Amino acid sequence: MNRNTFLWKAYSVKKYFGFFMSAKRMFHKKKGLFIFISFMLFFTVLIVRVFYLMIFSADYYKERATDLHQRERKIKAARGIIYDRNGVKLAGNRQVCTISVIHSQIENPEAVTEFLSSTLNLEMEEVQKKVEKVSSREIIKSNVEKEIGDEIRLKKMAGVKVDEDYKRYYPFKDLASKVMGFCGSDNQGIVGLEVEYDDVLTGTPGKILTLTDYKGIEIDNAAEEREEPMEGNSLYLTIDMNIQKYAMQAAEKVMKEKEAKSVSVILMNPQNGEIYAMVDLPEYNLNEPFKLPADSSGDDSSEFSQERLNQMWRNSCVNDTYEPGSTFKIVTACAGLSEGVVGMEDRFSCPGYRIVEDRKIRCHKTGGHGSETFKEGIMNSCNPVFMDIGARLGAEKTYQNWEQLGLFDITGIDVPGEAGSIMHSLENIGPVELATMSFGQSFQITPLQLLRAASAVVNGGRLVTPHFALKTIETATGEEKQFVWAEKEAGISPQVSETMKKLLEAVVSEGTGINGSVEGFRIGGKTATSQKLPRSEKKYISSFLGFAPADNPIIMGLVLINEPVGIYYGGTIAAPVMGEIFENILPYLGIEQNKISTALD
């Protein structure tokens with residue numbers, strides 16, 4: 001190899017390595033730049049994220065952090081007060097306590113278990129299970145009397161909490177119990193008006209927030225945050241407690257005298273449906289609603305006991321149906337006058353029975369009433385007269401009138417569980433069914449349905465809605481809200497209504513309802529003695545429907561005596577009960593005495 005060739009190859013190698021080194025330096029330079037840019041981008045994103053978290057999400061994460069270190073205990077709100085129409089308190093609240101434990105704060109589980117089980121009269125195993133349960137809070141017992149709660153609080157046992165609470169209290173105990181209903185341990189309504197107006201009466205609960213460390217143990221001397229509860233709204237009822245007492249006293253008296261299975265009384269304003277009183281004996285103590293009567297007997301199983309409780313709470317005025325008997329003749333007479341199939345001058349003959357197809361249907365007077373006018377037929381409560389009117393009406397027109405009087409519908413009363421009527425299908429009504437229906441047998445309605453229909457007969461033909469709620473007052477604003485209740489026309493002319501009032505006044509002044517009269521007052525009404533099913537058992541419901549003053553009624557009442565012992569005629573035992581009630585409440589209602597008149601113009 002000559003010198004020139006060697007030098008050229010050496011130069012080529014040097015040039016190659018120089019390019020390589022230059023490229024390597026360039027690569028490292030770009031790599032450094034890339035790393036630098038990446039780092040700057042990461043740092044920028046980090047700064048933006050931190051900025052976002054610190055500025056825009058600060059409240060959210062503050063709340064999260066607070067939640068981790070705060071323990072919440074609810075404060076129950078007092079339930080709204082229930083008053084009668086005059087402002088008498090029917091349902092209020094008593095201060096009680098809720099006892100609970102916080103597992104993480106308990107220092108001596110055995111001592112806590114022993115103390116709480118003995119103080120609260122609870123099974124040791126039951127308390128121990130809750131004390132040992134790992135949870136944020138376990139309720140040991142609610143509705144603990146305040147004195148016992150104070151005793152537990154003074155003990156200052158670690159992990160044991162005593163919070164204020166409220167328990168429903170009924171100052172009149174068993175008065176109007178089946179209307180009022182009661183609340184459970186959670187202060188929610190269970191039956192009656194308490195459950196019907198639960199959304200009105202339920203308050204807004206408050207809460208207590210306490211600070212804890214990372215173990216969930218409350219920090220000593222840390223300030224509590226407290227949100228005060230708000231009491232529920234007040235509810236005013238149409239019930240008048242004085243009238244309720246009068247009705248209950250009269251019902252208790254006749255129940256004892258006649259050794260009856262039960263006695264019911266409803267008193268209502270027929271002009272607007274406001275119910276002044278509703279009694280359904282036997283009643284029960286609202287402050288001890290799960291305590292069965294001492295004389296109750298039978299199976300002690302939980303299912304049987306619950307059934308007995310359900311029966312004890314049941315309001316037969318609303319929840320049960322019965323055959324109304326002769327009080328329903330008010331509806332038949334009114335329908336006959338409205339349809340023009342009977343007039344005041346019509347005469348009837350009563351031999352003591354009617355032969356309808358193959359049936360001999362008797363009058364209550366087996367010897368018969370003989371010849372009598374329409375007015376006398378009502379006064380005498382004569383079955384053949386009403387069978388004749390029913391036959392003249394026919395099944396279709398009968399049902400048209402019943403429908404207008406709301407007898408196929410529930411009344412819409414503001415308590416739960418209202419029963420509906422039990423009727424024949426129109427196509428199944430033959431002459432026998434039509435005859436018995438005309439005097440109140442072979443179908444069933446509730447006492448309230450009868451009272452509503454009779455109200456329409458005497459108030460000029462308006463079908464009102466029976467009700468208890470009068471108004472509410474909001475706790476937060478003090479705003480008063482009146483309830484508005486529906487009414488509609490019942491297809492009865494004012495002329496027919498006037499005639500019916502005079503006819504029913506004659507029933508009390510001269511007819512079967514004379515024992516329901518009150519000296520100096522004009523009373524209208526109708527008696528009934530209905531035989532219960534099965535007929536073979538010879539058990540009866542004696543009843544009387546009355547209203548006053550007869551010319552412009554503002555009070556209408558219905559008395560039902562279920563299975564009286566001995567004499568069972570409605571005119572003999574039920575009418576005097578209503579007479580006694582009217583004697584007390586008519587002056588109380590400000591009704592002036594009038595000269596009694598039964599003349600039919």
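Heavy-atom basis, side chains included; hydrogens, waters and symmetry copies ignored. Since this is a predicted model, take the numbers as computed values, not measurements.
Counting only distance, with no hydrogens or angles, the side chain of T465 and the backbone of E487 share no donor-acceptor pair below 3.5 Å. Looking only at distances, no side-chain donor or acceptor of T411 sits under 3.5 Å from a matching main-chain atom of P466.
Taking both residues in full, the closest heavy atoms of I445 and S421 are given as CG2-CB, 3.8 Å, listed atom of the first, atom of the second, then distance. Scanning both residues, R314 and N319, for their nearest heavy atoms gives NH2-O, 3.0 Å.
Checked against the 6.0 Å centroid criterion, the rings of F468 and W485 do not qualify as a close aromatic pair. Ring-centre distance between F182 and Y170: not below the 6.0 Å cut-off. Ring centroid separation for the pair Y588 and F582 does not come in under the 6.0 Å cut-off.
A cation-pi arrangement is absent between K76 and Y166, since the terminal nitrogen or guanidinium carbon is not both under 6.0 Å from the aromatic centre and inside a 45° cone about the axis.
Not a single side-chain hydrogen bond (donor to acceptor under 3.5 Å, both in side chains) links Y246 to another residue, sequence neighbours left out. By the ring-ring contact (aromatic ring centres under 6.0 Å, His included) test, H103 pairs with no residue at all, sequence neighbours left out. Partners of N272 under the side-chain hydrogen bond (donor to acceptor under 3.5 Å, both in side chains) rule, at least two apart in sequence or in another chain, do not exist in this structure.
A 4.5 Å side-chain heavy-atom check between F115 and V127 finds every atom pair outside the cut-off. At a threshold of 4.5 Å between non-hydrogen side-chain atoms, the residues Y197 and D414 count as touching. The side-chain heavy atoms of T202 and R79, taken from C-beta on, include a pair separated by under 4.5 Å. Residues N315 and M278 meet the side-chain proximity criterion, which asks for heavy atoms closer than 4.5 Å. Under the 4.5 Å side-chain criterion, counting only non-hydrogen atoms from C-beta, K155 is not in contact with V160. With contacts defined as side-chain heavy-atom distances shorter than 4.5 Å, the pair I581/V577 qualifies. Considering only heavy atoms from C-beta on, F172 comes within 4.5 Å of L90 through its side chain. The side-chain heavy atoms of K89 and I82, taken from C-beta on, include no pair separated by under 4.5 Å.
Between I239 atom CD1 and M180 atom CE the span is 7.0 Å, to the nearest 0.5 Å.
Checked options M578, K526, M556, M268; the residue passing with F547 is M556 (criterion: side-chain contact (heavy atoms from CB on, under 4.5 Å)).
Of the N and O atoms on the side chains of E307 and Q311, at least one donor lies less than 3.5 Å from an acceptor on the other residue. The closest side-chain donor-acceptor pair between Q306 and N310 falls under 3.5 angstrom. Residues Y236 and D84 bring no donor and acceptor atom of their side chains to less than 3.5 Å of each other. With hydrogens and angles left out, the side-chain atoms of N269 and Y276 include a donor and acceptor closer than 3.5 Å. Side-chain atoms of T98 and D163 include no donor-acceptor pair closer than 3.5 Å. When only modelled atom types and interatomic distance are considered, T238 and R85 share no side-chain donor-acceptor pair under 3.5 Å.
Salt-bridge check for E145 with R94: passed, with a basic side-chain N closer than 4.0 Å to an acidic carboxylate O. Taking 4.0 Å as the cut-off between side-chain N and carboxylate O, K501 and D551 do not count as a salt-bridged pair. The pair E138-K129 does not meet the salt-bridge criterion, since no charged nitrogen lies less than 4.0 angstrom from a carboxylate oxygen.
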What do the steps show when you test K173 against E283 for salt bridge (charged side-chain N to carboxylate O under 4.0 Å, His left out), and what is the final call? CA-CA 10 Å; K173 296 180 180 178; E283 304 267 2; over 6 Å; no
Could you go through E323 and K532, starting from their C-alpha distance and side-chain angles, then the distance that decides it, and tell me whether this counts as salt bridge (charged side-chain N to carboxylate O under 4.0 Å, His left out)? CA-CA 7 Å; E323 289 186 337; K532 297 178 68 175; over 6 Å; no
Would you check, one step at a time, whether the test salt bridge (charged side-chain N to carboxylate O under 4.0 Å, His left out) holds for E489 with R462? CA-CA 5 Å; E489 294 300 316; R462 292 174 295 104; over 6 Å; no
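By the neighbour-count criterion of 12 heavy atoms within 6.0 Å, atom NZ of K146 is sparsely surrounded, having that number or fewer from other residues, nucleotides or ligands. When the shell of 6.0 Å around CD of E228 is examined, it contains more than 12 heavy atoms from other residues, nucleotides or ligands. Enclosure of atom CD in E592 is not indicated, since only 12 or fewer non-hydrogen atoms of other residues, nucleotides or ligands lie within 6.0 angstrom. Annotation for E403: atom CD does not count as buried by contact number, only 12 or fewer foreign heavy atoms lying within 6.0 Å.
Using a 30° and 60° split on the angle between ring planes, F408 and W402 fall in the tilted class, from 30° to 60°.
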